[in-house]
Amino acid sequence: MLKQKIVELLEQAVKEAQEAGKLPSVPLPEISVEHPSNEGHGDYASSFALKLARETGLNPLGIAKSVAELVKCSPEIGTIKVAPPGFINFTLNPEWLAGQVAIVLAAEESFGNADIGQGKRVQIEFVSVNPTGPLHVGHGRGAILGSTLANVLTAAGYNVEREYYLNDAGSQIDAFKRSVYARYCQTLGREAEMPPDGYMGGYITDLAKEIIAAEGDKFLAMPEEQALAQLGGIALEKMIAEIRKDLELLGVSFDVWFSEKSLYEKGQYSTATALLREKGYLAERESATWFVSTALGEDKDNVVVRSDGSPTYFGGDIAYHYNKFIERKFDLVINIWGADHQGHVSRMKAVAAAMGINPERLKVIISQMVTLCRGEELVRISKRSGELITLREVIDEVGKDVCRFFFLCRSADSQMDFDLELAKKQSADNPVYYVQYAHARIASILRLAKERGIEYSDGNVALLCAEPELALIRKMLILPEIIEIATQTLESHHLTYYAQDLATSFHAFYKLCRVISDDKELSKARLKLVEASKIVLARTLHLMGMTAPEKM
RNA sequence: GUCCCUGUAGCUCAGUCGGACAGAGCGGCUGCCUUCUAAGCAGUUGGUCGGGCGUUCGAGUCGCCCCAGGGACGCCA
């Protein structure tokens, strides 16, 4: 990568300076480069000399000068300048930049890939909502975050598995089944009461009606236990199918749907708890079994097995993480949870530590709350109360691409309002269209070239030397850095900002540089640039799970 | 009470490792369609980075203390 290359050039120069006695032989601070905020300072800058000056007491400007002199000539680099108080500024060589167009064209959709992950196995578990009701926008946020992160990490050279942890055991599922059963009986005219912790939403009644249509009233005749198991099982499957459909509409898919129930049936639960017991992290108290996380610096202990012998959610999660790390041996495990699970993070890390796993290998991303609104008006989204706006309705209303872009715009850490009115606007207010419009414009130019039979494969990219052309190329070459940053921080919002930046560079180029003109050779060169920019913009959109429209 | 997230322009938000005059979009105000998509471009307006103290050559960024908003503290998930 370009950035890495500049760092290497600097490292080498520093080494030579030390060998030549121009710099003291002391341990060096990490050498890094950044993009200066002021364009006048070049494409890359290093504040290395300032850092070394602090440690050695030498004059930073002097250090910068002696290092800058020793930086080897390299095709990428145009100029190297030293600026007070001690920056070393690099400008890229315009000819080299122009040549990169050919590199992008050759790379096609693999442009931007990095080998940061080196094939390490990463699991990203996300959504994982209890299948007791339809998804709402908050779940959508996690889904979009997770699927985008999966795309990014794949591009960064990780071997990624996407997983949905299906909570198909436990008391919530039980309440769900009882709710459907009650509605089933009621709809068929038998008196039945909803369970006290039941789900009151209208979708439960709809589900009951669907089952009646398909299976008739046969569950009425069964003993309650049997009816609950059979009818409940059907209802559960239907609910899961609905969730799967919602996610598909958002462009989200999974490699594995992992059953919580299987943890109990296949023994991971007993193995994992036995392991913790053996290491001395389980204690019996008040007739329940506790995970002694206070021994690992936590605020309090947590119940793993209830006094009635049934495992808690936490107990199941212990088994699940045992399975992830020890059985399936993922190098890195990323969980995306809603803000309401925030308290769960540190104790899961404690569990990892207790099992002898470096807690650094467990990354938890907490996606903050989403509130839905329509202009000024607040729209409520709650599963238990009757009235709810589902994710499906939001997708139907604003579309997948807008939905994805809106969620990706903000970092997971910040709470957000999702304004349906704003999202629906097909105008300049809406950055989604700004970015996609750039792609459609590009496609339109390439269409025209084709219609006119312009063959540009022999175009000479060396002709590209106008400032808007070079600015566009510079921007294209940043994609690998964006993928690197998104990988290191596990944040996907960098992509949306980059997409807008890239679109801006293209729109400016489009305005100032006529592509198909009387100048045949320049037209061919510019068509190459346009095609290259299409590759990079499409790649960016695809990483975000969005479509790259040919027309708008 | 403890823990987590947030507080940056009128609004919505960026700002990896501390770096050179704090950025973008929207809004406001000005211009730009005879030629490849004006869902566009160019310019301009606008900020004691919640407050204070500290560390540093240098702090939106790091530390401590406050203030405000949201969330979590269950033998729920």
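In what follows, chains carry the letters A, B, and so on, assigned in the order in which the sequence lines appear, proteins first and then strands, with residues in each chain numbered from 1. Worth knowing before you read on, the calculation uses all heavy atoms, side chains too, and leaves out hydrogens, waters and symmetry mates.
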So what does A/Ser411 touch, heavy atoms closer than 4.0 Å: a base, only the sugar-phosphate, or nothing? sugar-phosphate
Regarding A/Glu550, tell me which of base, sugar-phosphate or nothing describes its non-hydrogen contacts under 4.0 Å with the strands shown. base
Inter-nucleotide C1' distance (B/U45, B/U6), Å rounded: 29 Å
I need the CD-P distance between A/Glu298 and B/C4, as an integer number of Å. 11 Å
Can you figure out which of B/C36, B/G71, B/G69 approaches the side chain of A/Gln342 most closely? B/G71
Nearest to the A/His507 side chain among B/C3, B/U16, B/G40, which nucleotide is it? B/G40
What integer distance in Å separates A/Phe176:CZ from B/A77:P? 17 Å
Out of B/G71, B/A20, B/U6, whichever nucleotide has its closest atom nearest the side chain of A/Asp413: B/U6
Below the 4.0 Å mark, does B/A77 have OP1 or OP2 next to a side-chain nitrogen or oxygen of A/Ser171? yes
Sugar-phosphate only, base, or nothing, as touched by A/Lys51 at under 4.0 Å among non-hydrogen atoms: base
For A/Ser346 and B/C4, is the shortest distance between a side-chain N/O and OP1 or OP2 below 4.0 Å? no
Given B/C76, is OP1 or OP2 found less than 4.0 Å from the side-chain N or O atoms of A/Arg306? yes
Rounded to whole Å, the CE-C1' distance (A/Met348 to B/C3) equals 18 Å
Looking only at side-chain N and O atoms, does A/Ser310 offer a donor or acceptor that is under 3.5 Å from a partner on A/Asp308? yes
Which value, in whole Å, describes the distance between the P atoms of nucleotides B/G47 and B/C11? 12 Å
Looking only at side chains, do A/Asn335 and A/His341 share a donor and an acceptor under 3.5 Å apart? no
Let me spell it out: for each of A/Val303 and A/Asp501, pick the nucleotide of RNA chain B with the closest heavy atom. Which residue's pick is nearer the 5' end? A/Asp501
Which value, in whole Å, describes the distance between the C1' atoms of nucleotides B/G7 and B/U48? 15 Å
Short side-chain N/O contact from A/Ser414 to OP1 or OP2 of B/A14, under 4.0 Å: yes
Whichever of A/Phe87 and A/Lys511 has the more 5' nearest nucleotide on RNA chain B, that residue is A/Phe87
Determine the interatomic distance between C1' on B/U56 and the same-named atom on B/G19; round to the nearest Å. 12 Å
Just checking, is any N or O donor in the side chain of A/Tyr434 or A/Thr504 under 3.5 Å from an acceptor N or O on the other one? yes
Distance, P atom - from B/G52 to B/A9, rounded to whole angstrom: 16 Å
What's the closest nucleotide to the side chain of A/Gln415 if the choices are B/C5, B/G40, B/A77? B/C5
Rounded to the nearest angstrom, tell me the gap between atom CZ in A/Arg526 and atom P in B/C36. 15 Å
Side chain of A/Arg410: nearest nucleotide among B/G19, B/G15, B/A14? B/A14
Is the phosphate of B/C75 approached by A/Tyr313 (side-chain N or O, under 4.0 Å from OP1 or OP2)? no
Searching all strands shown, indicate the nucleotide that pairs with B/G40 (Watson-Crick or G-U wobble; both distances under 3.5 Å). B/C32
Fit a plane to each ring of A/His344 and A/Phe314, take the angle between them on a 0 to 90° scale, and name the class: parallel (under 30°), tilted (30 to 60°) or perpendicular (over 60°). perpendicular
Rounded to whole angstrom, note down the C1' distance from B/G40 over to B/C4. 43 Å
In terms of relative ring orientation, are A/His35 and A/Tyr44 parallel, tilted or perpendicular, with 30° and 60° separating the classes? tilted
Taking atom types as they are modelled, is there a donor-acceptor pair under 3.5 Å from the base of B/G19 to the side chain of A/Arg54? no
Counting the atoms with a prime plus P, OP1 and OP2 as sugar-phosphate, which does A/Lys3 contact under 4.0 Å by heavy atoms, base, sugar-phosphate, or nothing? base
Using a 4.0 Å heavy-atom cut-off, does A/Ala53 contact any base of the nucleic acid, only the sugar-phosphate backbone, or nothing at all? nothing
Taking any heavy-atom pair under 4.0 Å as a contact, classify A/Asn59: base, sugar-phosphate, or nothing. nothing
Rounding to a whole Å, what distance do you find between A/Tyr165:OH and B/A77:P? 10 Å
Indicate, with a heavy-atom threshold strictly under 4.0 Å, whether A/Ala83 touches base, sugar-phosphate, or nothing. base
For B/C3, what is the paired nucleotide under Watson-Crick or G-U wobble rules, both distances under 3.5 Å? B/G71
Donor-acceptor pair (no angle test) under 3.5 Å: A/Ser307 side chain, B/C75 base: yes
Quick check on B/A39: is either OP1 or OP2 less than 4.0 Å from any side-chain nitrogen or oxygen of A/Tyr433? no
With both distances under 3.5 angstrom, what nucleotide forms a Watson-Crick or G-U wobble pair with B/G18? none
Base-pairing mate for B/U55 - Watson-Crick or G-U, with both contacts under 3.5 Å: none
Just wondering, more than 12 heavy atoms not from A/Lys65 lying within 6.0 Å of its NZ? no
Touch check for A/Ser517, heavy atoms < 4.0 angstrom, all strands: base, sugar-phosphate only, or nothing? nothing
Starting the side chain at C-beta, find the nucleotide from B/G15, B/A77, B/A42 nearest to A/His493. B/G15
How many whole angstroms separate atom NZ of A/Lys261 from atom P of B/A77? 16 Å
From CZ of A/Phe405 across to P of B/C13 the rounded distance in Å is 14 Å
At 4.0 Å (heavy atoms only), tell me whether A/Phe314 reaches a base, stays on the sugar-phosphate, or touches nothing. nothing
Under 3.5 Å, is there a donor-acceptor pair linking the side chains of A/Tyr269 and A/Glu260? no
Scanning both residues in full, the closest heavy-atom pair of A/Ser259 with A/Ser262 reads O-OG, 2.7 Å
Consider the side chain of A/Ser32, meaning its heavy atoms from C-beta on, and name the nucleotide among B/A20, B/C17, B/C75 that approaches it most closely. B/C17
Donor-acceptor side-chain pairing of A/Tyr456 and A/Glu531 below 3.5 angstrom: yes
Syn within 90° of 0, anti beyond: B/C62 is anti
B/C49 to B/G15 separation - C1' atoms, rounded to the nearest Å: 11 Å
Watson-Crick or G-U counterpart of B/U12, or none if no pair lies under 3.5 Å: B/A24
Among B/G70, B/A77, B/G40, the nucleotide that comes nearest once only the side chain of A/Met369 is considered: B/G70
Which nucleotide wins on minimum distance to the side chain of A/Tyr434, given the candidates B/C41, B/C75, B/C17? B/C41
Closest nucleotide among B/A77, B/C13, B/C36 to the A/Arg347 side chain: B/A77
Can you say whether a donor on the side chain of A/Asp299 sits under 3.5 Å from an acceptor on the base of B/A72, or the other way round? no
Does any N or O donor sit under 3.5 Å from an N or O acceptor when you compare the side chain of A/Gln500 with the base of B/G25? no
For A/Phe506, give me all partners under ring pair (Phe, Tyr, Trp, His ring centres under 6.0 Å), at least two apart in sequence or on another chain. A/Phe509
Anti/syn call for B/C33, syn if |chi| within 90°: syn
Expressed as a whole number of Å, how far does the P atom of B/A59 sit from that of B/G54? 13 Å
